[in-house]
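Scroll down for the structure; my scribbles are underneath it.
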Amino acid sequence: MTSITTSVRLGWRLYAISILVLCSSLFSSLALADSGRERLSLDRGWLFHLGDIPIPEIKGHGATYGNAKAGNAQGAAATRYNDGDWRKLDLPHDWAVEGPFDPKANVSQGYRPRGISWYRRYLRVDENERGRYFELQFDGIATHASIWVNGNIVHRNWSGYNASNIDITPYLRYGDASNTIAIRVDAEQMEGWWYEGAGIYRHAWLLKSNPVHIITDGVHATPKQLNDKQWQIPVEVTLDNSGKQAADVKVEVTVFSPDNKAIASKTQTVRVPLLGKTTASLPVTIKQPERWTLDKPTLYSVKTVVLQDNKAIDEVHLKTGFRSIRFDAQQGFFLNNQHVKLQGVCLHQDHAGVGVAVPDSIWEYRLRRLKELGVNAIRFSHNAPAPEVLDMVDRMGFLVMDENRNFNPSPDYMKQLEWMVRRDRHHPGVILWSVFNEEPVQGTEVGYEMARRMTAVVKALDDTRPVTAAMNGGFFTALNVSHAVDVLGANYQVPDYDRYHKANPNKPFTSSEDTSAFMTRGEFTTDNSKNLIASYDDDFAKWGNSHRDAWQAIDSRPYVAGGFVWTGFDYRGEPTPNEWPSVSSVFGIMDLNGFPKTAYYMHQVQWIKDRPLIHIAPHWNWQGQEGKEIRVMVMANVERIKLLLNGRELGEQQVDPYRMNTFKVAYEAGKLEAFGYKGGKEVVRTSVETTGQAVALELLPDRASLAGDGHDAMPITVRALDAQGRAVPIDHSEVSFEISGAGQSIGHGNGDPNSHEDEKGKTRELFNGLAQLIVQSHFDGSGELLVKASAPGLQAASVRIPVQKTAAIPFVAVSDAPMLYLQNWRISPAYATRPDPNQALADNDMNTWNWGNPPLLEVAAKGSDEKANHFHLFRSNFIQDKRLSSGKARLLFTRINGKAEIWLNGKLLGSKTSLGTADLSVDLPASEGPAQLTVLVEAGPGKKAGLEGNIIAEPKK
């Protein structure tokens with residue numbers, strides 16, 4: 001329990017840092033209104049439907065013709081679709097984690113049902129923003145997505161891990177008319193063999209900028225070292241022009257030091273063609289910059305401003321760092337010419353309670369736990385992480401293997417690789433690009449040719465970092481992927497380390513994935529009947545090694561740059577070596593919550609050298625087993641250790657840094673202590689004690705307060721205490737939660753890989769003494785969040801968490817579901833005399849009447865009597881759904897010009913008798929089903945007349 005309380009105390013001390021990380025990530029390039037650029041959160045106000053919505057059967061000439069036309073999507077993608085009964089929610093959202101476990105579902109996906117879902121959202125754009133550039137940005141949608149705006153298909157995405165940046169400018173409506181975003185998410189598709197979640201699980205944004213603007217990820221600012229004293233940032237800025245004419249602009253780049261002083265700048269004038277792109281090149285030289293290191297991750301700012309007529313029209317800020325990297329075939333990895341062994345872990349992206357919709361502040365918690373462990377490198381497996389995570393990595397000082405998901409050089413998939421490199425190349429933490437993980441063709445000419453092409457694309461975008469591929473074999477064939485990359489990444493294959501190095505002494509080498517050992521947190525007796533695995537590091541996959549063996553193989557070989565343990569945290573799915581009822585993996589150094597297993601302490605004493613550490617496993621609660629020998633493992637980074645039980649010395653041993661130290665101890669209740677010595681002096685001690693039965697609950701917040709921005713979240717450790725206030729490591733009480741005030745629960749977990757509890761419910765069992773509740777502030781929250789926890793037979797616990805009033809992240813205002821805006825009008829030719837408003841138009845007649853949307857102002861036909869009135873018919877079809885069929889709804893015509901008659905399904909509803917411009921409202925009859933609306937408009941002599949404004953069908957207020 002010591003490590004948990006230490007983590008909590010450290011979490012409180014790092015509160016300010018975590019909020020800084022969160023805010024700087026979210027506010028990066030958000031709202032720069034002075035330059036015309038705004039990046040607004042689009043997380044709020046979505047509507048959600050679980051399950052597919054089939055497109056209605058299309059029959060007839062007219063319906064078939066209309067279906068093929070722009071803006072005329074059918075079903076849930078249609079602008080007119082009634083989503084009134086859909087669920088309201090905010091993003092990020094993972095609906096798979098909300099569902100029940102199903103033993104018939106895919107084991108690799110954690111037995112969670114998958115399928116199809118829909119999201120819809122509305123937004124309004126002010127009339128005065130007409131002419132600006134608008135871009136929808138989705139950082140991640142699992143798994144495949146089709147996106148419509150106002151009934152137009154605007155994007156299809158083929159990966160759940162790359163962003164979608166979509167120009168929606170051509171499709172927008174302005175003023176009163178609402179815009180409809182509809183997204184069909186296909187989570188039946190899978191890209192991985194682990195839990196991938198389902199839905200819009202990362203942030204969404206709306207970018208607004210001037211017509212001439214910097215494209216998304218359009219600033220390339222990766223530093224290069226020129227010599228010992230000088231560096232260069234060969235900045236390249238790609239601009240786009242969505243305006244009405246070519247533009248001459250000035251691009252200005254300024255580099256700011258960590259203390260925000262301008263230290264270098266450069267400008268260039270370029271012409272941006274109409275509806276085209278151009279790139280400005282502005283190499284900036286920096287003298288003796290402060291280096292980015294693991295211990296002091298110093299970051300510089302690059303500010304790019306676009307000016308037109310000496311006025312700033314766009315502005316982008318990003319962070320970067322100055323560091324040199326080198327992979328040496330004989331000596332491993334060097335950072336700033338200093339040798340560094342990569343003490344890495346592999347990570348998937350799900351967390352207890354929230355699935356893959358992990359709040360940024362929970363990512364900060366996860367990274368902080370890794371830092372406490374001694375991790376200095378992360379392989380995000382097997383996909384690019386969320387952008388906010390890489391921002392944190394840079395600030396906290398981690399090295400990253402950035403990995404591509406789909407191994408395929410075809411155009412659709414090459415775009416995914418290009419996107420990752422463009423987005424991430426300014427991050428100093430990124431030291432390797434990985435083009436794949438464990439591909440069957442890795443040892444063949446096909447694999448070589450595929451990798452060769454993908455490596456070339458990476459090099460064209462960034463020539464400052466080596467390319468690797470995570471190979472689990474095939475690197476001894478005559479032609480294979482290792483010949484197409486700069487650094488060999490080996491997954492496991494420990495017996496071949498030396499053989500490969502001997503055959504290829506000039507090829508840099510790293511373990512890209514290792515270990516694959518099994519542990520169930522808090523268990524120290526393997527029980528295969530219950531799918532429980534002891535945490536002594538004795539069990540591992542056939543292809544893998546124990547934690548101790550894997551690290552010894554890496555650490556004892558200078559030419560191996562380092563390793564990446566599979567995995568840092570447990571993750572859902574892939575419950576190897578078990579299947580149902582196990583639903584998550586047990587590979588993790590920590591469980592799904594970030595609670596440590598024995599492996600945590602093993603690696604911590606191996607990886608942390610700057611302070612003495614000592615730990616004991618297991619706990620000391622073995623009531624009923626008095627006299628039985630218990631295997632005790634002591635982990636320490638000192639010279640010698642001594643073990644005592646109830647004050648009696650049991651033995652002293654020299655520390656084994658690879659194997660750890662073990663003792664056989666006959667159990668008796670009491671206190672087991674371990675002392676660590678260096679230079680003959682005690683420098684550290686620890687103990688475990690036999691506790692009494694649990695009598696009370698305790699809640700331990702990770703931080704002292706929450707920011708009231710609706711995004712900030714924190715984990716709360718839940719545990720049971722005995723009468724002396726000691727944590728009981730074997731308690732399994734069922735805890736009920738009650739949350740009130742300025743926040744909410746967003747999920748919970750306990751690290752039990754066999755638990756099928758509802759992660760969003762009101763109760764959670766402790767697993768081996770621990771559980772975790774995650775709470776999040778409300779939008780615009782302030783005051784207190786009150787959490788109460790109770791369990792049968794135990795004293796309840798409560799905690800009040802201050803919620804600090806915080807400025808909201810700039811966001812797009814939430815629009816209610818709009819009333820029905822009638823679109824796709826047919827316009828008759830001009831008539832000299834009043835026509836029949838109910839005249840039929842043949843279903844296959846697409847040309848006699850024109851097409852259009854308001855404003856629709858028509859004139860008399862040529863040759864008409866200029867002194868006589870003239871007439872037009874305007875016709876549109878819609879569905880009178882339940883909202884409009886009660887007899888308490890209306891049609892609202894804004895700005896009809898001319899006299900008008902309103903006809904619905906052949907019946908006159910109302911009229912306007914003046915020739916001028918005015919609004920008109922008519923009641924809708926109580927009727928449900930298809931409706932044909934015809935508006936007969938009469939114009940004065942020589943005048944235009946028609947529908948100037950929107951026509952809305954809406955319930956009366």
Side-chain angles (χ1 to χ4, degrees), residues 1-5 7-8 101 351-354 519-525 527 530-535 570 581-584 586 590-597 617-625 669 688-702 714-740 745-775 785-801:
M1 293 304 124
T2 302
S3 67
I4 294 173
T5 55
S7 175
V8 170
F101 294 96
H351 191 85
V354 295
M519 290 187 188
T520 307
R521 179 188 56 77
E523 295 293 330
F524 293 91
T525 302
D527 186 342
K530 297 180 179 179
N531 287 5
L532 299 174
I533 302 174
S535 296
D570 283 344
S582 296
V583 294
S584 67
V586 289
M590 291 173 275
D591 69 13
L592 265 174
N593 313 276
F595 295 144
K597 304 181 187 180
H619 56 75
W620 206 239
N621 278 38
W622 302 98
Q623 293 88 330
Q625 300 187 48
V688 290
E689 291 185 76
T690 307
T691 68
Q693 289 187 337
V695 299
L697 291 174
E698 183 180 34
L699 298 173
L700 297 171
D702 178 61
M714 76 162 70
I716 299 175
T717 297
V718 187
R719 61 183 188 179
L721 306 179
D722 70 2
Q724 297 182 46
R726 298 172 297 186
V728 181
I730 58 173
D731 190 77
H732 288 256
S733 296
E734 183 178 71
V735 180
S736 298
F737 300 110
E738 183 181 339
I739 295 93
S740 60
S745 165
I746 58 171
H748 45 69
N750 62 10
D752 180 0
N754 306 308
S755 174
H756 299 164
E757 294 175 85
D758 179 2
E759 294 183 65
K760 304 292 185 179
K762 295 184 178 180
T763 63
R764 169 65 69 170
E765 286 189 2
L766 300 183
F767 178 65
N768 291 326
L770 295 172
Q772 182 182 83
L773 175 71
I774 301 177
V775 295
L785 186 155
L786 175 61
V787 180
K788 296 180 180 179
S790 60
L794 303 184
Q795 181 181 336
S798 65
V799 63
R800 294 180 182 274
I801 300 171

### Task
Drop me the distance from Glu689's CD to His619's NE2, to the nearest 0.5 angstrom.
14.0 Å
### Shortest non-hydrogen separation from Leu699 to Pro701 and the atoms involved
O-CD, 3.5 Å
### Message
For the CD atom on Gln693, are there more than 12 heavy atoms of other groups (residues, nucleotides or ligands in this structure) within a distance under 6.0 Å?
### Response
no
### Message
Measuring from atom CZ of Phe524 to atom CD1 of Ile533, what distance do you get when rounded to the nearest 0.5 angstrom?
### Response
13.5 Å
### Backbone of Asn750 reached by a side-chain donor or acceptor of Arg521 within 3.5 Å
yes
### Task
Indicate yes or no for a side-chain donor-acceptor contact from Gln772 to the backbone of Gly751 under 3.5 Å, with no hydrogens or angles considered.
no
### Summary
Of all heavy-atom pairs linking Thr520 and Ser535, the shortest is O-OG, 2.8 Å
### Message
Tell me whether Lys530 at atom NZ has more than 12 heavy atoms from other residues, nucleotides or ligands lying less than 6.0 Å away.
### Response
no
### Message
Please identify which of these residues, Val586, Asn768, Asn754, meets the side-chain contact (heavy atoms from CB on, under 4.5 Å) condition with Leu532.
### Response
Asn754
### Task
For atom CD of Gln625, decide whether the heavy atoms of other residues, nucleotides or ligands shown that lie under 6.0 angstrom number more than 12.
yes
### Task
Kindly indicate whether the side chain of Glu738, heavy atoms from C-beta on, has any atom under 4.5 Å from the side chain of Lys762.
no
### Message
I want to check something: taking the side chain as every heavy atom from C-beta on, are Met590 and Phe595 in contact at a cut-off of under 4.5 Å?
### Response
no
### Query
Any donor-acceptor pair under 3.5 Å linking the side chain of His748 with the backbone of Ala352?
no
### Task
Not counting sequence neighbours, which residues clear side chain to side chain contact (heavy atoms under 4.5 Å, CB included) with Ser790? List them please.
Ser736, Ala796
### Query
Checking Arg726 side chain against Thr690 main chain: does a donor-acceptor pair fall under 3.5 Å?
yes
### Message
Nearest 0.5 Å, please: how far is CG in Asp591 from CG in Leu770?
### Response
8.0 Å
### Task
Measure across Ser733 and Leu794 and return the closest heavy-atom pair with its distance rounded to 0.1 Å.
OG-CD1, 3.4 Å
